[in-house]
Every structure is written in C-alpha cells, then in structure tokens.
2 protein chains.
Amino acid sequence: MNETAALILLIEDDEQTRRFLKGSLSHKGWRIIEADNGKAGLAMIKNHNPDLVILDLGLPDMDGISVTKRLRQLSEIPVLILSARSQEQNKIMALDAGADDYLTKPFGSGELHARLQALLRRTRRTMPVSEVFVTGLLKVDLAQRKVFIADNEVRITPIEFRLLSILIRQAGLVVTHRQMLKEVWGAEHINDQHYLRIYMGQLRHKLEINPARPRYLMTDVGVGYRLAIDDVVTELAQ
Amino acid sequence: MNETAALILLIEDDEQTRRFLKGSLSHKGWRIIEADNGKAGLAMIKNHNPDLVILDLGLPDMDGISVTKRLRQLSEIPVLILSARSQEQNKIMALDAGADDYLTKPFGSGELHARLQALLRRTRRTMPVSEVFVTGLLKVDLAQRKVFIADNEVRITPIEFRLLSILIRQAGLVVTHRQMLKEVWGAEHINDQHYLRIYMGQLRHKLEINPARPRYLMTDVGVGYRLAIDDVVTELAQ
DNA sequence: TGCGGGCTTTACACTTTTTTTACACCCCGC
DNA sequence: GCGGGGTGTAAAAAAAGTGTAAAGCCCGCA
C-alpha cells in the first residue's frame, strides 16, 4: 500500500494544544499544516487543498460554527471539531453546520487517531489511488502541487491547481460548471461561469500544445469540463 | 429536493432501547427496520440494503466488533456504534474495525440525530452511481450525459439529451407530444410540435443508421414518439 | 511606498445551440 | 388526381454559450 500521507489542516489557536496534536499526528505518519485563526484557516483550505480539517471551536477571530458553515460552502472536505464544551446543544449545532465529527476535550490521542482514520477511509475512496496523475504528456503531482507537460514544469497558480485537481479526481468524466464553481469559489458564485472560462483558458494556454484544439481540457457545451484520458480505459457498462 | 427518507437498520437486542430509538428516529422522518441479534442484522443488510446501520455493541449472539468486520466485507454502508462502554480502547477497536462513529450511552436523541445526518450527508454525496441504458447498438450514460452508437461517442446537445432521457425513462412506451413539450419547453409551448420534429430529426440523424427508417426513435402518428427496445438493460456502473 | 503575482472585472470575437422559416413528403379519403 | 393533416428535412436568423485579451484591483512583501 504505497499511499502518500494525508494532509491535515489543524485550525487551533492554543499554541500548546497545537504542539501536542502536531506531535501526536505527525508521529502517526500524517502531514500537518496549521492555522491559528479562522480566516487563515479558510485561506489555507483554498491554497493547500488538505484532506481533512481539525477545527477548534474556540477561535479568537470567528466562532467555530461560522467557520464550519463557510468552509462547507467552499469544500466538501471532512471536518472534525474539537471543543471543550460537551453540552449536547453545541454538538448538534456543529454537526448541523456541516461538521462530520465532534470530539470533546479532554480526549485520548488514540481515539482522535481512530476517528480521523474513519473519516479519511470514507472520503479517500473517492480520491485517486496515486498521488501522481499521468496522461499523455501531462503529469500532475498532487501531493507536491507540481504540474509538468512533456517533463517541463509549469508554473501553476492556486486556483488553476484546484480546478485541475477537481478534473483529475473525476478524470474522464464531466464535471459540471456548478460543481467546479461551488468547490473553488463557494456556493454563492455558482452562476459566475466566466471565472471558469478565464481559468480554463489559462490552463489550456499552459498545458495544451494547441490551446484552440485542446487535447486534455475538453469542453462539454452547456454542461461543464472534462479531462480527457487516452491511456486509461473507461468502459461504461459490461 | 427529491429525497426519499433514508432507511435505517437498527441492530439492538434490548427491547426497551429499541422502542425508544424507533420512536425518536421515525418521528424525525426516517424509515426504520430492526434486528435483535447480529446474524439477523447481517441478513437484513443483504436483503433490505439500508442507508445506514446503528449497531449496539452488546449483542447476545456475536460480539459487536465481529459484526462490524463482517458487515464491512458485505458493504460500505455507514455504521454508527452504540455502546455502554466508554473506555477509549473500545472506541478505537470499533472504529478500526470499520465503524464510522461511536456513541456512548447514555446519549441524547438530538446528538444521535445530528450524527446520523452527518453520516448520511457524507455518504450520499460520495457514492455516485451512474445509470447506463443499453439497447441494440445504442448506449446512453445518463449520469455522464454521454451517448454512444456502436461504441462511438456521439455529440449531443442539452435539448437532444433531455428528449432522449424522457424516451429512455419510458423505454418501449409511447411518450405523447404534450409530455415531451411540457417537460422540455414548458407548458406554454405545448402546441409547438414542430420543435419535436426538428429535434427528433436531429437525434435520428445522429443515432440511426438510416434516419429515414428509424430503428430506435419511432413515430406514433398523432400520438407521440417511442424508443424501441429489444432487450432493456439498465445497470449500475462501478 | 512601490513592485509583482494572482485574482477579478470588462469587453468583444467567435462557436455552438436553439429558434424560426420555408418547403417537400406520404399516406388516405374523396 | 387533389387537398389536407400530420410529418420530415434543410436551410436561415437569433440567442446562448464559450474563448481571449487586457486592464484594474488587491494583497503580501521588500
């Protein structure tokens, strides 16, 4: 099982807790990135595309429920909430806001670890097996956020990379405008299709030999975009 | 939002707890089926294909961990464990065995409800199934909006696809002009039958070997159109 | 404070799809 | 054979959707 370590975003303001969690988690083989407030956390989701978020409810700048809701507009990434509050009402509010699990302090690192694994197990299934995606001349290292065309590295901006990742995750299948817009810009920009035109244009300019006749980044008029694959057989029904 | 109530399988031996849960859950609009031991529970998973399982760890015939493991071999259905044991080690074992969540008695029905919703929310999203319709040389992937004739993909416009979908939904049966017009163009265009002639013509041109003598897209004069079938195969891909 | 990269906005040309328009057909009763 | 309802085809005009270039904005950073 050659699986790259999952990338976990830890949003927690308390330095000490953060240090403890970082040690306990990276020790188990996960990669950790950190934010000490809600705004920075949301920004890191956009820029680093983590596999899971651990969110402390008691942040200095925003309350945890708002962070959760905002986050859900951006992404379907699994969220585990940490909190000192054990009242049922708090748990219900957090879970209803879109969280996947809720763990009350104090907790054992063993339980945290098991719950994280349960969440990742459920969401990872839909993710690519390999962290390096290759088709034709295009190569994308999802873990290192690097893109190559004919073995030359291409500079890619955060938004371009997120769009490309979404297309790769469903390689060969159409991804609707709605889905791409919702996942990258949030639910409130679901009608701003010009964003997609701009960014798909930029990606084509960087990745296609002839941007006017794309080989990889295909358009499905009126529906969405699709990453074409030649060396993988996607037979429909057998 | 066309959502059918989720079907929940409750595996719990204690009559009283079962009654309590059944009341609290069906009250919230879920459909419940029950089993009072592990063997019966596993059988019901096979037979009823529920959306979620609530499993009590303390069953008379098998221990909960074994039930969970066995269940995971059968299905990827989400599992929430109920248990009187709150020791961390029990939780870890259950989660590692494949459970998705672990709730310790006593618990509030509000929290249970919120956790169930969180689980269903996640699994509904991540288990896409694409339906594929096949008859003769014609193959239509309804989820991917792709159409093939003799294994060659055919470019299909949005309106063409909608008409084709309607015909497939009632494959073998006549679909009236009224119904097609109403569903695609809205009730106010119910007399614009020339639209249908144009689009059925386009579809025949793309799908039929000899558009003048259609094999799939049949006309029922004065009534409507019909998708001819010899053998319907609607299966799930992947 | 100015620089630069990336994001957003604007404008316009281009392509595909939908709608409109026009006409030929074919089977039937008269 | 003649005419009319219902139908099929082929083009156009109109509308919608898409691609590209460029300018302005914002924010982190020196």
Side-chain angles (χ1 to χ4, degrees), chain A residues 35 37 39-40 42-49 74 145 147 154-164 167 174-178 180-181 183-186 188-226, chain B residues 145 147 154-164 174-178 180-181 183-186 188-226:
Chain A
N37 65 75
K39 255 190 96 183
L42 290 169
M44 290 187 90
I45 288 168
K46 289 191 190 179
N47 297 330
H48 293 80
N49 200 31
L74 294 176
R145 312 177 53 79
V147 178
V154 177
R155 278 177 61 94
I156 283 272
T157 73
I159 287 191
E160 286 165 8
F161 186 80
R162 298 192 66 199
L163 287 173
L164 191 52
L167 291 170
V174 207
V175 183
T176 61
H177 297 138
R178 288 182 64 86
M180 299 173 88
L181 286 164
E183 222 168 302
V184 177
W185 284 273
E188 67 272 27
H189 290 94
I190 226 153
N191 295 311
D192 297 345
Q193 303 194 358
H194 59 278
Y195 284 170
L196 296 180
R197 293 204 288 280
I198 305 285
Y199 281 97
M200 290 305 290
Q202 288 178 6
L203 276 171
R204 282 186 179 133
H205 187 70
K206 293 180 178 181
L207 303 182
E208 299 282 359
I209 298 161
N210 180 359
R213 301 212 171 284
R215 191 179 150 194
Y216 303 114
L217 302 170
M218 314 303 283
T219 299
D220 278 31
V221 177
V223 185
Y225 294 90
R226 182 169 45 86
Chain B
R145 311 175 57 87
V147 178
V154 177
R155 281 174 62 96
I156 283 274
T157 72
I159 287 191
E160 287 165 6
F161 185 80
R162 295 185 65 189
L163 287 172
L164 190 53
V174 206
V175 183
T176 62
H177 298 138
R178 289 181 63 86
M180 299 173 87
L181 287 163
E183 217 169 306
V184 176
W185 284 274
E188 67 271 27
H189 291 93
I190 226 154
N191 295 312
D192 297 345
Q193 303 193 0
H194 60 280
Y195 283 173
L196 295 180
R197 290 204 287 282
I198 305 282
Y199 279 98
M200 290 307 290
Q202 288 178 6
L203 276 171
R204 283 185 178 133
H205 187 70
K206 292 180 178 180
L207 302 182
E208 299 283 359
I209 297 159
N210 180 358
R213 301 209 177 284
R215 192 180 148 193
Y216 303 112
L217 302 169
M218 316 305 284
T219 300
D220 279 32
V221 178
V223 186
Y225 294 90
R226 179 170 46 87

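Chain A is the first sequence line, chain B the second, and so forth, proteins listed ahead of strands; every chain is numbered from 1.
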Can you tell me how far C1' of D:dA10 sits from NE2 of B:His205, to the nearest Å?
11 Å

How close or far is atom P of D:dA10 from atom CE of B:Met200, stated in whole angstroms?
16 Å

Indicate, with a heavy-atom threshold strictly under 4.0 Å, whether B:Glu160 touches base, sugar-phosphate, or nothing.
nothing

Of the nucleotides C:dT18, D:dT9, D:dT18, which one has an atom closest to the side chain of A:Thr219?
D:dT18

Using a heavy-atom cut-off of 4.0 Å across all strands, would you classify A:Leu196 as base, sugar-phosphate, or nothing?
nothing

Is there a donor-acceptor pair closer than 3.5 Å between any side-chain N or O of A:Arg162 and the backbone N or O of A:Glu183?
yes

Selection from D:dG8, C:dT10, C:dT18 that lies nearest to any side-chain heavy atom of B:Arg197
D:dG8

Select one nucleotide: of C:dT10, C:dT8, D:dG8, the one nearest the side-chain heavy atoms of A:His194.
C:dT10

By the 4.0 Å heavy-atom rule, please label B:Phe161 as base, sugar-phosphate, or nothing.
nothing

I want to check one thing: is the phosphate of D:dG6, taken as OP1 and OP2, less than 4.0 Å away from some side-chain N or O of B:Tyr225?
no

Please tell me which of the listed nucleotides, D:dT7, D:dT9, C:dG5, lies nearest to the side chain of B:Val221?
D:dT7

Return the nearest nucleotide to the side chain of A:Arg155; candidates are C:dG6, D:dT7, C:dT19.
C:dG6

Short side-chain to backbone donor-acceptor contact, A:Lys206 and A:Arg155, under 3.5 Å:
yes

Choose from D:dT7, D:dT18, C:dT18 the nucleotide whose nearest atom is closest to any side-chain atom of A:Gln193.
D:dT18

Just checking A:His177: base, sugar-phosphate only, or nothing, at a heavy-atom cut-off of under 4.0 Å?
sugar-phosphate

Has the side chain of A:Asn37 got a donor or acceptor atom that lies under 3.5 Å from a matching backbone atom of A:Ala40?
yes

Give the rounded distance in Å between these two atoms: CZ of B:Arg213 and P of D:dT9.
11 Å

Does any N or O in the side chain of B:His189 come within less than 3.5 Å of the main-chain N or O of B:Trp185, such that one atom is a donor and the other an acceptor?
yes

Verify the contact: side-chain N or O of B:Arg204 to OP1 or OP2 of D:dT9, cut-off strictly under 4.0 Å; return yes or no.
no

Taking atom P of C:dC7 as reference, at what distance in whole Å does atom CD1 of A:Ile156 sit?
11 Å

Just N and O in the side chain of B:Tyr195: are any of them under 4.0 Å from OP1 or OP2 of C:dT17?
no

Side chain of A:Tyr199 only, heavy atoms from C-beta on: which candidate in C:dT8, D:dT9, C:dT18 is closest?
C:dT8

Strictly below 4.0 Å: does A:Thr157 bring a side-chain N or O up to OP1 or OP2 of C:dG5?
no

Thinking salt bridges, do B:Arg213 and B:Glu208 make one under a 4.0 Å N-O criterion?
no

If I take atom CG in residue A:Asp192 and atom P in nucleotide C:dC7, what distance separates them, rounded to the nearest angstrom?
16 Å

Separation of D:dC27 C1' from A:Ile159 CD1 (nearest whole Å):
14 Å

Testing D:dT18, C:dT18, C:dT9 for proximity to the side chain of A:Ile198, the answer is C:dT9

Between B:Arg204 and B:Leu217 (side chain of the first, backbone of the second, donor and acceptor by atom type, cut-off under 3.5 Å), is there such a pair?
yes

If the cut-off is 4.0 Å, is B:Trp185 near the phosphate of C:dT18, judged by side-chain N/O to OP1 or OP2?
no

Between C:dT17 atom C1' and B:Leu203 atom CG, what is the distance in whole Å?
13 Å

Just how far, in rounded Å, is C1' of C:dT16 from CE of A:Met218?
15 Å

